[in-house]
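Letters go in sequence order (proteins before strands), and every chain restarts at 1. Side chains are part of it too, since the values below use all heavy atoms of this structure and drop only hydrogens, waters and symmetry mates.
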Amino acid sequence: MTVLQFAVQTTVGAARHGLLSLPQRGVEIATPAVVLYTRRGLPVHLTADLLRTLGPDARSLQVNPVHFLESPGPDIVQVAGSIHDLLSFHDYALFALTSDPLEFEAGGTTTKTSASFETPAGRRSVTISQYMEVINAMKPDVAASLTDEILATSSAKRTIKSVDRSLRWLDSCLDLRATGSLDLPIFGSIQGGGMIAERERSACETAKREVAGFHLGGFGRGETYEERSLLLQAAINHLPPEKPRHISGLGVPEDVLQGISAGVDLFDGSYAHRLTMGGFAMVFPPDEEEDDVAFRNGVHVALGSAVAAQNGQAKGNGVIGGMANGGGGGGRNESAQRYAAEVGEADADGATLVELKSHRGRERGRDGKKDKVGKGELPEEHGGVVSGAINLRSTAYRLDGRPILAGCECFSCRNHSRAYIHHLLNTSEMLAQVLLDIHNIHHYLRFFRATRRAISEMRFSEYCNWFLKRRLDCSNGRPASQKRFVMEECHSRQKYSEKASLLPLSVGTF
Amino acid sequence: MARRVKKETKKREKVERKQRKEEEQAAIEAANRAKELEQQRRLEKIHKQEEEREAMAKAVEVSVRMRFGSVDHRLKNIVREESQLLAKGKGKAPEAIASTYGTANESDLEVLARWNRARASLMMLPHFDCHTPMFMPVGTQGTVKGLTTTQLEELGCQVILGNTYHLENRPGSDLIYQMGGLHKFMNWRRGMLTDSGGFQMVSLLQLAEITEEGVTFQSPVDGTRMLLTPEASIQIQNKIGADIIMALDDVVSSTVTGPRVEEAMHRTLRWIDRCIKGRDGEDTFLGFVWDLVEYAIGGVSGGEAKEAFWRVVEQCTAALPENKPRYVMGVGYPLDILVCSALGADMYDCVYPTRTARFGTALIPEGVLKLKLAAMATDLRPIDPTCDCMFTEKMRNSIIDGSFPEFVRDFLKKQFPAGDVPQWVCNALAAAGIQV
Ligand SMILES: [Zn+2]
Ligand SMILES: [Zn+2]
């Protein structure tokens with residue numbers, strides 16, 4: 001018996017904090033939450049015992065049905081009993097979702113009856129009956145309907161076709177589910193590309209079906225920041241508030257905040273995986289309380305990066321910008337600033353920065369410590385400029401005996417230094433990814449926890465404001481070379497979308 | 001009319017286009033399948049190569065690198081030879097040589113229990129008190145493949161091995177020293193052993209040149225020529241800061257016979273003297289023995305080599321002092337560990353468990369379980385239903401509670417259900433006082 005209960009507890013504007021419960025699993029997911037990324041059902045670098053150490057927030061996993069088309073196929077999953085049995089994850093919430101921002105789906109030939117996916121065994125066409133055969137064998141806790149993924153820039157004709165198909169496939173999924181023996185909760189997939197009207201139509205029609213929740217597809221696929229806000233709004237306005245909403249493609253913290261602001265409850269976890277694969281560790285301030293601790297430890301040296309740039313030292317020090325991109329969309333720097341302006345109401349004129357600086361000055365004064373981040377003064381660890389993440393492959397960390405992030409409670413930070421992780425990356429030892437994943441997931445969960453607390457304490461817009469300012473802080477000080485880097489990055493992202501190939505992760509892809 | 005023709009052409013074109021598309025799709029699928037097959041073949045090849053290399057490495061190790069905590073009777077012969085040289089005014093005083101081969105700490109091993117020749121002991125290292133017999137996983141570059149230090153502790157791992165050669169390449173002993181030693185660098189609280197770096201020379205023999213001064217080799221990182229002297233080996237190991245360090249030995253391949261082997265043995269002894277001078281700190285120092293028994297290479301799994309192998313272990317353990325740990329290098333198959341322990345050896349290391357795991361093979365009481373086999377796909381049983389994953393610990397406990405022979409017989413019954421226990425195992429165990 002699969003039961004999925006969802007209750008919204010607090011709302012701030014469209015943003016909401018709720019509780020998604022799966023009593024049969026003993027799992028309660030406080031939303032907004034991240035559904036962790038897996039390959040073939042397993043977190044890529046973490047064994048089950050390590051996953052457990054990440055605590056109760058790490059109990060929901062995305063399981064991609066197209067990974068179970070073959071080796072192991074549905075027959076083998078069937079013998080095991082269910083996907084929970086096969087993976088021995090009985091007390092985890094397993095979400096069957098095909099969306100994988102790391103394996104862009106829209107590249108292949110989608111036909112009337114089948115969608116095309118990148119699977120571990122190469123590109124495969126998946127028909128609706130094949131899809132439901134896998135789902136029925138897996139018996140996940142939630143499954144999204146098969147959907148026709150497109151780009152935000154796809155033509156009107158293609159977009160309309162995608163919406164029609166996705167609806168037809170949703171109906172087929174619901175029919176086929178009825179023939180199966182389980183009453184599996186289905187998330188209806190909403191498409192509509194970059195067209196407001198189609199987003200509305202897709203949402204309206206999907207909401208009419210017997211679905212347990214919604215999956216918002218096709219985001220992070222080339223839409224601008226403003227477009228995304230409008231598209232999210234267009235769809236979510238037509239969704240019943242009592243059902244949960246999942247989105248994929250929004251992983252960068254700014255994007256996540258945008259999604260939460262629009263009323264999204266569940267996010268995909270591929271961002272953390274992407275960072276890990278690139279040798280990056282998240283170090284952005286997750287919440288206000290931790291911020292000052294981190295500052296005191298000289299981690300957040302945002303303004304210092306400008307100085308470093310002036311001194312021509314910014315290159316090769318493993319820095320990535322505050323507006324680093326992981327989830328998609330163009331013009332990140334610009335759009336995030338506008339977002340800040342929007343959320344922070346009248347703060348777009350740069351006054352925030354001054355205010356923040358003076359605020360920080362006060363904090364420091366109170367602690368009797370000097371602000372090391374003053375102008376013209378290079379912080380000692382400028383190599384570890386932190387806005388979003390640090391690249392531990394950088395030789396700047398060869399002798400850095402500090403943990404990834406001071407004050408972080410994760411296993412990696414409690415036990416290991418940046419220098420050790422740098423060594424592991426340098427020697428291609430797999431423990432590097434294990435330790436990075438532990439930290440990145442832990443940190444990402446912390447960020448989501450902070451957003452939940454902010455909503456429940458009715459100060460979500462203040463939180464967004466604070467968060468974006470702190471990240472913008474870094475991007476304002478971004479050296480020219482990094483602006484160019486952003487441009488290149490956008491360009492490569494476009495190519496990525498076109499070619500539908502997975503970019504090798506490197507400094508340049510975030 | 002013209003319109004109809006045009007329409008038909010269009011239709012034909014459409015059909016053709018569709019066909020083309022289908023053909024393309026089929027071609028892509030075929031290519032995918034071919035790629036998969038290719039991948040599989042490559043993996044199998046790598047696996048085979050690795051196994052061969054392992055067998056080779058094992059053969060070399062078994063034949064020329066029996067290492068023990070002290071000197072065996074063969075060394076006494078060497079001492080005698082040296083003293084004869086001394087009489088001719090060339091060698092050095094026998095006392096000096098003999099004292100050379102002791103360990104730093106005279107009572108570094110306390111035998112807690114014994115079953116005939118098998119023994120369960122407590123070995124006190126600066127960082128950890130180890131219970132032997134024990135297996136030491138190989139942590140080549142300051143990490144045991146993919147496992148966290150907590151996971152290693154949970155597995156009951158007491159000592160891990162660092163490879164001096166690899167650690168000196170990356171990240172370098174100076175960096176490790178700067179970061180407070182390898183224990184601190186990798187945050188490992190228990191025992192650690194580093195080798196001399198000499199063995200890696202075997203695999204790089206085409207690049208390495210051995211002279212009286214040391215081993216000259218080409219750096220695989222940047223191609224520069226480097227010299228590893230016995231003193232340098234000890235210095236590097238001191239910087240790494242392991243609990244147990246090893247002397248540099250002159251390595252020859254086991255295919256080599258005759259005067260080169262003799263030369264290597266004598267050189268190794270001279271190098272040990274140089275090592276001792278270079279040593280400092282609290283580490284336990286293991287000298288080691290050259291063994292002159294020559295085996296046929298490639299016959300490791302065959303009876304003859306194994307027969308010779310256990311006899312060497314038997315002779316050495318018989319001749320060695322009780323209070324010294326006895327370390328059989330490169331031995332990692334459970335059956336070999338069982339036999340060696342029955343004969344009184346204490347410590348083992350091998351890349352076998354980690355490597356075999358990488359190829360999807362699990363060690364079970366019945367032997368090995370190849371988890372990649374198709375039959376495994378729907379086998380829902382645990383790898384080993386009786387497993388608490390601790391072979392050496394179980395064996396240790398059986399020595400302590402006096403049930404060692406039962407443990408041995410039980411082990412063999414599972415590994416050889418048909419009763420076809422190899423003769424060398426029976427012989428070895430008979431020598432250890434256990435009837436199979
Ligand atoms: Zn951490
Ligand atoms: Zn086991």
Short N-O contact, A:R158 and A:D148, less than 4.0 angstrom: yes

A:F89/A:H84 aromatic ring centres below 6.0 Å: no

B:N187: partners by side-chain contact (heavy atoms from CB on, under 4.5 Å), with sequence neighbours left out: A:N415, A:H416, B:R189

Contacting moiety of B:Q151, where chain A heavy atoms sit under 4.5 Å: side chain

Test of ring centre spacing under 6.0 Å for A:F411 and A:H442: no

Residues of residues 141-148 of chain B within contact distance of chain A, non-hydrogen under 4.5 Å: B:Q141, B:G142, B:T143, B:K145, B:G146, B:L147, B:T148

Interchain contact, A:R398 with chain B, by part (heavy-atom threshold 4.5 Å): both

Contacting moiety of A:T47, where chain B heavy atoms sit under 4.5 Å: side chain

Carboxylate-amine/guanidinium contact A:E409 A:R446, below 4.0 Å: no

Any residue of residues 18-28 of chain B which, by heavy atoms, sits under 4.5 Å from chain A: B:K21, B:Q25

Evaluation steps, side chain to side chain contact (heavy atoms under 4.5 Å, CB included), between A:F68 and A:L86: CA-CA 11 Å; A:F68 293 90; A:L86 185 71; 4.0 Å; yes

Mind listing the side-chain donor-acceptor pairs of residues 171-183 of chain B below 3.5 Å, one per line with the distance, residues two or more places apart or on another chain?
| from | atom 1 | to | atom 2 | distance (Å) |
| --- | --- | --- | --- | --- |
| B:S173 | OG | B:E168 | OE1 | 2.6 |
| B:D174 | OD1 | B:K239 | NZ | 2.8 |
| B:H183 | NE2 | B:H127 | ND1 | 3.4 |
| B:H183 | NE2 | B:R190 | O | 2.7 |
| B:H183 | NE2 | B:D243 | OD2 | 3.2 |

Under 4.5 Å from a heavy atom of chain B, the part of A:D49 involved: side chain

